[in-house]
Amino acid sequence: MKTTYMKNKNKRAMRWFLFFLLPTIIIYTLFWIVPIIITVLTSFTDWKGMSKLTTAGFVGLKNYISLLSDSILQISIKNNLIYGFVIVAVVPVISFVIAYVIEGFVKRKMFFRTVAYLPAIIPTIVTVLLWKWIYNPQYGLLNQLLELIGLKGLETGWITNSTTALGAVSFTSIWKMVPVYFVLFLAGLQSVPQALTEAAVLDGANRWQTIKNVTIPSMKRVISIVYTLIFIDVFRVFELVYAMTKGGPGYYNTEMLLTYAYKTTFANANASYGMAITTTLIVLVTAVTGIQLKFSRRNDD
Amino acid sequence: MRKKILLFLLVASMILSLTGCGAQASTTSVKEATSAADETQSTKSDGTTVAVASSERKTVRVYIKWTEAQLPNWPALIDEYNADDTNPIKIEATYFGSEGYDDKIKADMTSDDPPEIVQLMKTTFNEYSANGDLLELSSFIKDNGWNYNKGALAWAGPLNNPKNEVFGIPDFANTSCIFYNTKIFDELGLTQPTDIESLKAVSKTLNDNGYKAIVTGATNWCASDLLAKVQAQLTGSDILVKAYNNEAKYNDPTLVKALEIVNDLVTSGVIDKSSADYTDDDAIAEFVSGNAAMYSAHTGMATAIDSVAQGTDFKYNIIEKMDFVANPLTSVSVTWGSMWCIPANVKDKEAALEAMKFLWSEDVAKNDVEQLGKIVNVDAWNAGLTHPVALTASKQLVGAGTADSFYLLDMVSSKVMDNLNKGIQEMIQGKATPQEVMDNVQKTWEEESAQK
């Protein structure tokens with residue numbers, strides 16, 4: 001009798017659960033799943049984006065074959081990988097260090113947490129304007145600082161010089177991304193059992209040993225999430241780069257996969273080819289993220 | 001239970017608000033469609049261009065890439081036209097500004113009810129006209145007796161245009177030029193250069209006196225204006241058409257030679273290398289502040305110079321005659337800024353043409369000349385120009401605009417144009433030779449052709 005009652009109760013709960021989930025499912029399907037399906041299907045056509053999609057012809061794998069010999073795409077992949085390597089190497093470390101210092105050594109925690117989080121709430125376009133001013137060759141803050149400390153010889157147009165542009169863009173990205181991941185690390189640090197840390201200290205572990213053997217292992221799940229999100233962010237990078245350099249200067253020195261896909265689709269009127277780039281990116285990110293999650297689950301087990 | 005009811009109400013309100021958004025949009029569409037239908041019917045029953053009651057006049061939508069501030073005289077002109085009930089249509093101009101405009105147009109051009117008139121930049125215009133998406137206008141221009149100068153309509157169609165069809169009204173003439181600071185030139189007793197040798201001599205004097213000679217915005221496409229002029233003078237437009245149609249190559253020796261002339265100006269200190277880092281705003285700041293005596297761009301940039309120089313005693317003009325090669329094929333390199341077009345699938349062609357007849361009539365063109373300082377493509381209508389730059393440029397253009405004077409960057413695909421601009425920036429930075437730049441352009445074009 002009790003089991004039947006529980007079953008009915010569960011059924012009712014499930015119905016309500018689905019009912020409340022419905023608006024999200026509808027929105028998600030309409031604005032996420034359907035566009036992805038359209039993107040994938042369009043990548044097999046010759047649609048230029050200047051006529052109705054229904055007029056497009058099927059071209060099979062032509063767009064994907066063209067990808068193999070696209071020199072700008074190769075540069076974009078290379079840039080994206082360099083950018084990704086820098087971001088993956090730097091952002092988690094700095095985010096963790098800031099979170100660790102604020103959580104463990106600072107008195108006015110709330111104030112510093114807020115200050116550290118500020119770059120994350122500044123809209124990307126404002127960030128771009130701010131950093132474009134800092135990097136400006138004529139009146140930029142960075143060049144003025146270099147002049148002040150006697151390094152005038154290093155002055156340059158940081159985002160207009162082919163050699164420094166990718167580094168300058170990566171630095172701005174780091175500045176913008178660190179606060180986001182700092183919050184995740186902060187939450188992770190707060191969930192580390194204090195008893196474990198205290199036990200390690202009592203056993204004579206120094207600070208580095210405590211971090212290495214207690215704090216980091218206790219935050220494995222957070223670290224795994226951080227790396228997964230950063231990996232996705234790295235390949236999703238678009239608005240910051242596009243607004244800052246439009247993929248330049250010179251020969252595509254900051255061109256990323258998405259900025260190239262955007263230009264191909266809209267500026268160069270080759271929508272189906274742009275969709276092929278996007279589809280490849282979706283597949284790549286999904287596959288790597290899947291593998292990463294599988295490994296992190298195995299580690300958790 | 002109470003919580004569930006509250007949640008239910010919340011979800012219901014969310015769904016209703018979503019439905020509401022949709023309903024609002026479709027209500028507007030229905031309303032517009034209904035009114036359009038009524039108007040079309042009345043227009044059809046009345047013939048074409050007879051006067052009808054104000055409420056029955058068809059509304060013609062004009063999509064403009066510029067902001068209202070860039071066409072400050074138009075709202076009043078359009079209001080005046082709309083207020084006159086004897087006019088057969090009403091004009092509704094929407095000023096979008098450049099941000100997102102091309103995407104908006106793309107979406108609307110593929111709809112069942114596209115705007116009647118759209119402003120297109122030359123690169124997108126090339127694609128639309130090649131796709132057959134635009135209405136042919138040569139007989140319309142002829143019927144109106146608009147005497148456009150020779151070069152203006154030469155490329156008013158796709159780059160493969162054997163029938164010389166015209167798919168848009170060219171907006172205004174925008175010529176590649178070198179601006180110069182008249183005060184610095186007077187102080188140093190310099191006369192305007194007329195050829196490469198005199199340009200180098202003038203630049204040396206300027207450099208010796210602590211001035212940068214020419215600056216340009218190499219991070220944008222203004223640096224390419226100079227190449228456009230050299231190329232037009234050296235090779236004309238044939239080679240560009242052939243390269244576009246894969247009958248020649250962009251790394252043809254003549255095009256490489258044109259870029260070598262520009263590179264020579266860089267290596268000899270005429271074009272200051274700092275230009276590689278400049279946007280046009282930066283270059284204009286250098287020019288107006290007096291750090292640089294010349295600025296290479298196109299006449300359309302005079303507005304930007306004026307706005308930076310406002311409130312100062314800065315005086316400037318453009319160099320009247322500059323031959324980069326001996327016996328140039330043409331003396332000017334000119335573009336139109338944009339084209340005004342009618343989508344081929346427009347619902348009411350007559351109404352669209354009626355609006356065009358007014359918006360590019362002699363009256364409006366002359367108003368543009370006087371109020372905006374625009375150089376229009378009918379020479380006779382340019383009498384009202386007052387700005388020194390516009391006056392000099394319009395004098396250069398009389399009888400000089402030919403098919404060969406057409407602007408290089410409007411005769412290549414967007415991707416090739418982007419690649420060329422990037423290459424020129426690399427060249428100014430000393431990281432690529434002219435040959436490498438043009439080889440890269442050709443490679444990009446070959447890849448793009450294969451992709452398309």
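Convention: sequence-line order gives letters A, B, ...; per-chain numbering from 1.
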Engineer: K212(B) side chain to S275(B) main-chain N or O, any donor-acceptor pair under 3.5 Å?
Structural biologist: no
Engineer: Would you mind checking which part of Y273(A) comes under 4.5 Å of any heavy atom in chain B, side chain (CB onward), backbone (N, CA, C, O), both or neither?
Structural biologist: side chain
Engineer: Would you say F96(B) has more than 12 foreign heavy atoms packed within less than 6.0 Å of its CZ?
Structural biologist: yes
Engineer: Could you check whether any side-chain heavy atom of L284(A) comes within less than 4.5 Å of a side-chain heavy atom of F235(A), counting everything from C-beta outward?
Structural biologist: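 Yes, side chains in contact.
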Engineer: Which one of I428(B), N419(B), D102(B), T124(B) has the most heavy-atom pairs closer than 4.5 Å to chain A?
Structural biologist: N419(B)
Engineer: Where does Y260(A) contact chain B at under 4.5 Å (heavy atoms): side chain, backbone, both or neither?
Structural biologist: side chain
Engineer: So which of D70(A), T163(A), T264(A) has the largest heavy-atom pair count under 4.5 angstrom toward chain B?
Structural biologist: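 Ranked by contacts with chain B, first place is D70(A).
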Engineer: Relative to chain A, which segment of V416(B) carries a heavy atom at a distance below 4.5 Å: side chain, backbone, both, or neither?
Structural biologist: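 Looking at V416(B), nothing touches chain A.
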Engineer: Tell me, for E447(B) versus chain A, whether the close heavy atoms (under 4.5 Å) come from the side chain, the backbone, both or neither.
Structural biologist: side chain
Engineer: Under a 4.5 Å cutoff for heavy-atom pairs, which residue among A432(B), G423(B), A218(B), A107(B) has the most contacts with chain A?
Structural biologist: G423(B)
Engineer: Would the distance check show the side chain of T156(A) and the main-chain N or O of W158(A) forming a donor-acceptor pair, the cut-off being under 3.5 Å?
Structural biologist: no
Engineer: Which bit of N161(A) comes within less than 4.5 Å of chain B, counting heavy atoms only: side chain, backbone, both or neither?
Structural biologist: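 Answer is both: backbone and side chain atoms of N161(A) are under 4.5 Å from chain B.
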Engineer: Any donor-acceptor pair under 3.5 Å linking the side-chain atoms of Q442(B) with those of E446(B)?
Structural biologist: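 Present: a donor and an acceptor within the cut-off.
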Engineer: Where does D282(B) contact chain A at under 4.5 Å (heavy atoms): side chain, backbone, both or neither?
Structural biologist: both
Engineer: Evaluate the side-chain proximity of Y128(B) to I105(B): yes if any heavy-atom separation is below 4.5 Å, no if none is.
Structural biologist: yes
Engineer: Would you mind checking which part of S274(B) comes under 4.5 Å of any heavy atom in chain A, side chain (CB onward), backbone (N, CA, C, O), both or neither?
Structural biologist: neither
Engineer: So S338(B) and K122(B), side chain to side chain donor-acceptor pair (under 3.5 Å) or not? Walk me through it.
Structural biologist: CA-CA 6 Å; S338(B) 61; K122(B) 184 66 171 68; over 6 Å; no
Engineer: Counting only heavy atoms not in K443(B) (residues, nucleotides, ligands), do more than 12 fall under 6.0 Å from its NZ?
Structural biologist: no
Engineer: Under 4.5 Å heavy-atom distance to chain B, tell me which part of T54(A) shows up: side chain, backbone, both or neither.
Structural biologist: neither
Engineer: Whether the side chain of Y101(B) engages the backbone of Y63(B) through a donor-acceptor N/O pair (distance < 3.5 Å, no angle test) should be reported.
Structural biologist: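 Confirmed, Y101(B) side chain pairs with Y63(B) backbone.
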Engineer: Could you have a look at S69(A), S71(A), P137(A), S66(A) and say which one has the most heavy-atom pairs with chain B under 4.5 angstrom?
Structural biologist: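 Most heavy-atom pairs within the cutoff with chain B belong to S71(A).
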Engineer: Where does S413(B) contact chain A at under 4.5 Å (heavy atoms): side chain, backbone, both or neither?
Structural biologist: neither
Engineer: Does any backbone or side-chain atom of I65(A) lie under 4.5 Å from a heavy atom of chain B? Answer side chain, backbone, both or neither.
Structural biologist: neither
Engineer: Heavy-atom distance under 4.5 Å to chain B: side chain of K48(A), backbone, both or neither?
Structural biologist: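 The side chain, not the backbone.
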Engineer: Mind ranking G248(A), A276(A), A269(A) by heavy-atom pairs under 4.5 Å with chain B and telling me who comes out on top?
Structural biologist: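 Heavy-atom pairs under 4.5 Å are most numerous for A269(A).
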Engineer: Counting C-beta onward and ignoring hydrogens, is there a side-chain heavy-atom pair between L120(B) and L134(B) closer than 4.5 Å?
Structural biologist: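 Result yes, sub-4.5 Å side-chain heavy-atom pair found.
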Engineer: Side chain, backbone, both or neither: which part of P249(A) has a non-hydrogen atom closer than 4.5 Å to chain B?
Structural biologist: both
Engineer: Checking side chain to side chain donor-acceptor pair (under 3.5 Å) for the pair D280(B)/Y295(B): CA distance, chi angles, key distance, verdict?
Structural biologist: CA-CA 9 Å; D280(B) 278 294; Y295(B) 164 53; 2.7 Å; yes
